[in-house]
Amino acid sequence: MVDRVETAAPTVRPLGQGGARWQIHDRHLGYIFIAPALIFMLAVVFLPVANTIATSFTQMNFRERVTEFVALENYGRLLGDRLFWLSLKNTMVFAIGSTIGHVVLGTLFAVLLSARWAPPRIRNIVRGLLILPWLFSLAAAALIWGLLYDPFGPLNYLLMVTGIAPDSFDFLGEPSNAMVSLIVINVWKFYPFYMVMILGGLQSIPEELYEAGRLDGANPLRLFWHITLPMLRPVLVAATTIDMITTFATFDLVKIMTNGGPQRATQTLSLYIYETGFRDVNLGYGAAMAMAMLVTLTVATALYIKLVVRRPSGGEGGNAAF
Amino acid sequence: MLPSNRERIALIVCVVIVTFVTLFPVIWMIFAAIRPTAETLAFPPVWIPREITFQAFADLFANPGELKYFANSYIIALATAGLTILLAAPCAYGFSRFRIRGSTALLLGILALQMLPTVALILPFFSMARALGIYNTHLGLVLADTAFTLPIGIWLLKGFFDSIPSALEEAAMIDGGTRLQALLLIIVPLALPGIVSTGVFAFLWSWNEFLFALILTSGDGAAPLTIRMSQFFTQYGRDWNGIMALNVVASIPLVVFFVFIQRWVVSGLTGGAVK
């Protein structure tokens with residue numbers, strides 16, 4: 001995709017006296033086309049990031065109402081801040097738990113959808129229905145699951161009648177349950193995206209491989225294990241990376257449903273940054289935390305882009321239609 | 001290879017279970033919207049609604065305070081979609097058709113931007129919005145949202161422009177047309193599905209956005225629906241009937257765009273171009 005930029009330059013030059021003018025014109029025209037978007041991003045993304053970097057080296061002195069330069073003091077404070085490490089741990093648990101859920105369910109359901117149990121039209125409809133949760137906002141999902149998790153809700157009832165929870169099950173109020181309850185919502189909300197992505201990968205596996213496997217007498221489980229999974233590897237790596245990066249910054253669910261509680265059991269990094277900046281009005285420390293998060297994610301993104309660029313064209317993500 | 005009948009039945013049973021479990025939360029939301037809260041919270045649960053009422057919807061549409069959130073959400077999401085198309089389309093066209101120094105690096109930089117966590121920008125966004133006098137305005141949220149829909153829009157549209165042969169506009173230009181004419185009369189109509197998809201994507205992103213709305217609005221001035229939804233948990237007395245009616249109405253744009261989404265999600269744009 002990236003290579004095409006070079007070859008897509010105008011190759012035909014109009015003949016005659018206008019030719020030279022067109023050429024000069026065209027050479028600059030490209031920059032004119034891309035300028036507005038790039039200037040916008042410069043103003044709305046890079047400037048704020050630069051501002052965050054600068055702020056992270058300062059500390060507001062409320063008594064004298066001045067902002068002081070404190071060099072790396074904020075970063076030093078991070079290292080000894082137990083709440084920061086707890087937030088980081090919770091964030092990792094949330095991100096890893098969600099990612100495992102997404103990739104495992106995504107793979108299983110993608111395989112299920114690509115099996116020929118019905119004509120493609122019907123399977124397309126089912127796929128469409130399964131995408132539904134992905135469309136909702138996390139705020140809407142929080143409401144929906146807030147009702148399901150209610151003490152008088154259907155899930156608590158099911159856990160009680162099946163004897164899994166002898167007493168009422170407290171989904172969000174009990175520290176040991178809250179994180180898992182949030183991960184379940186996140187898995188429900190985002191697995192369809194990864195399912196569709198993996199479905200695209202499944203489509204690019206040549207049917208001959210399965211035929212050869214069957215001739216050798218392999219059962220479906222072995223076919224899955226020895227052909228499907230290895231062939232899906234690039235898609236699964238990409239999905240895992242995107243997922244880890246995006247869930248790492250999760251905020252909405254935690255803020256709306258638990259506000260980090262109970263007893264900080266669901267306190268995540270992004271919530272801590274928000275609270276430091278907007279509740280404690282400690283801009284310098286909040287900025288330092290945001291930078292720590294940004295650097296972590298930049299490294300992860302760099303790794304991801306390396307994967308994307310190396311990926312052979314036309315492979316993963318191709319056409320997920322049946 | 002087609003599965004045997006026995007395998008087919010087993011597969012269908014699995015599909016039915018998966019679909020039911022995935023859709024149950026949505027069904028439960030709709031049920032709660034059309035029956036009294038008392039029945040929703042009955043224990044043991046009433047699985048099929050008995051007393052059906054649309055009073056909550058009537059109350060919702062008669063309440064100007066609630067409708068304001070809807071208006072705000074529509075204004076912000078539509079404006080974000082418009083601004084995203086306006087900025088992304090020329091940019092994507094430029095990258096697709098012209099030799100631009102460092103274009104590979106620029107495009108990868110743009111790809112990296114979509115991985116940027118929104119929380120990393122909330123502190124400067126808040127002070128910038130305050131300084132520019134656009135705190136608690138639609139404009140402030142539109143600018144913030146576009147910062148995150150633009151990178152994806154550029155990548156989406158560049159893919160579309162790349163798939164349109166440049167010979168088409170070259171032919172038009174050889175025939176005496178200007179590049180602008182070629183662009184507006186030939187390329188834009190051909191790229192329309194991509195442009196619409198980008199708009200739909202930006203609309204939905206903005207419609208569902210919560211964090212920027214939380215830090216850039218206060219009170220009900222410009223606050224969108226996600227803010228209204230988030231306040232439910234801090235309220236006394238939970239009117240599930242009312243909030244789920246609101247949730248159902250708020251989901252209507254999602255369902256309307258569902259057809260677009262379907263085609264767009266599956267047309268290979270999941271290969272890293274979209275979160």
Can you name the closest pair of heavy atoms from [X] and [Y] and give their distance?
X        : Y        : answer
B:Ile100 : A:Gly30  : CD1-O, 3.9 Å
A:Pro48  : B:Phe125 : CG-CE1, 3.6 Å
A:Phe33  : B:Gly94  : CB-CA, 3.7 Å
B:Leu23  : A:Leu129 : CD2-O, 3.5 Å
B:Leu150 : A:Ala37  : CD2-O, 3.9 Å
A:Gly153 : B:Phe43  : O-CE1, 3.9 Å

What part of [X] is in contact with chain B, defined as an atom under 4.5 angstrom from a non-hydrogen atom: side chain, backbone, both or neither?
X        : answer
A:Phe248 : neither
A:Ala239 : neither
A:Ile144 : both
A:Met160 : side chain
A:Val126 : side chain
A:Leu297 : side chain
A:Pro36  : both
A:Phe40  : side chain
A:Pro192 : neither
A:Leu108 : neither

Please determine, among [options], the option with the most heavy-atom pairs under 4.5 Å with chain A.
options                                : value
B:Trp240, B:Trp47, B:Trp207            : B:Trp240
B:Met229, B:Met29, B:Glu209            : B:Met229
B:Cys14, B:Ala120, B:Cys91, B:Ala32    : B:Cys91
B:Ile12, B:Val15, B:Ile110, B:Leu86    : B:Val15
B:Pro124, B:Ala42, B:Ala88             : B:Pro124
B:Arg228, B:Met244, B:Arg238, B:Gln231 : B:Met244

Just list the side-chain donor-acceptor pairs under 3.5 Å for residues 245-255 of chain B, sequence neighbours left out, or say none.
{"from": "B:Asn247", "atom 1": "ND2", "to": "A:Ala140", "atom 2": "O", "distance (Å)": "3.4"}
{"from": "B:Ser251", "atom 1": "OG", "to": "B:Asn247", "atom 2": "O", "distance (Å)": "2.6"}

Any chance you could lay out the side-chain contact (heavy atoms from CB on, under 4.5 Å) test for B:Val18 and A:Met195, step after step, and finish with the verdict? CA-CA 13 Å; B:Val18 165; A:Met195 179 189 77; over 6 Å; no
How about CZ on B:Phe233, more than 12 heavy atoms from neighbouring residues, nucleotides or ligands closer than 6.0 Å, or not?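 Atom CZ in B:Phe233 is crowded, with more than 12 foreign heavy atoms closer than 6.0 Å.
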Yes or no on side-chain contact (heavy atoms from CB on, under 4.5 Å) for B:Phe210 and A:Leu138, after CA distance, side-chain angles and deciding distance? CA-CA 8 Å; B:Phe210 170 67; A:Leu138 279 164; over 6 Å; no
Side-chain heavy atoms of [X] within contact of [Y], under 4.5 Å:
X        : Y        : value
A:Leu155 : B:Trp28  : no
A:Ile256 : B:Phe232 : no
A:Leu132 : B:Thr22  : no
A:Thr55  : B:Leu123 : no
B:Leu116 : A:Thr298 : no
A:Asn51  : B:Met128 : no
B:Thr118 : A:Phe251 : no
A:Tyr274 : B:Leu214 : yes

Nearest-0.5 Å distance, [atom1] of residue [X] to [atom2] of residue [Y]:
X        : Y        : atom1 : atom2 : answer
A:Ile273 : B:Ile122 : CD1   : CD1   : 7.0 Å
A:Phe152 : B:Thr37  : CZ    : OG1   : 13.0 Å
A:Leu38  : B:Leu106 : CG    : CG    : 6.0 Å
B:Leu87  : A:Ile34  : CG    : CD1   : 13.0 Å
A:Leu112 : B:Leu11  : CG    : CG    : 6.0 Å

When you look at B:Phe24 and A:Trp188, which way does the side-chain contact (heavy atoms from CB on, under 4.5 Å) test go after all the steps? CA-CA 11 Å; B:Phe24 179 76; A:Trp188 172 80; over 6 Å; no
Any donor-acceptor N/O pair, A:Trp117 side chain to B:Ile9 backbone, under 3.5 Å: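 No; judged by distance alone, with no hydrogens or angles, the pair does not exist.
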Most heavy-atom pairs under 4.5 angstrom with chain B, which of [options]?
options                                : answer
A:Ile245, A:Val161, A:Leu147, A:Leu158 : A:Leu147
A:Gly286, A:Gly146, A:Ala115, A:Pro133 : A:Gly146
A:Leu148, A:Thr241, A:Leu143           : A:Leu143

Which residues pass the side chain to side chain donor-acceptor pair (under 3.5 Å) test with A:Tyr285, sequence neighbours left out?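 Expected list: A:Asp81.
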Go through the atoms of [X] and report whether side chain, backbone, both or neither lie under 4.5 Å from a heavy atom of chain A.
X        : answer
B:Leu83  : side chain
B:Ile154 : side chain
B:Leu211 : both
B:Leu183 : side chain

side-chain contact (heavy atoms from CB on, under 4.5 Å) assessment of B:Thr146 paired with A:Val44: CA-CA 9 Å; B:Thr146 306; A:Val44 184; over 6 Å; no
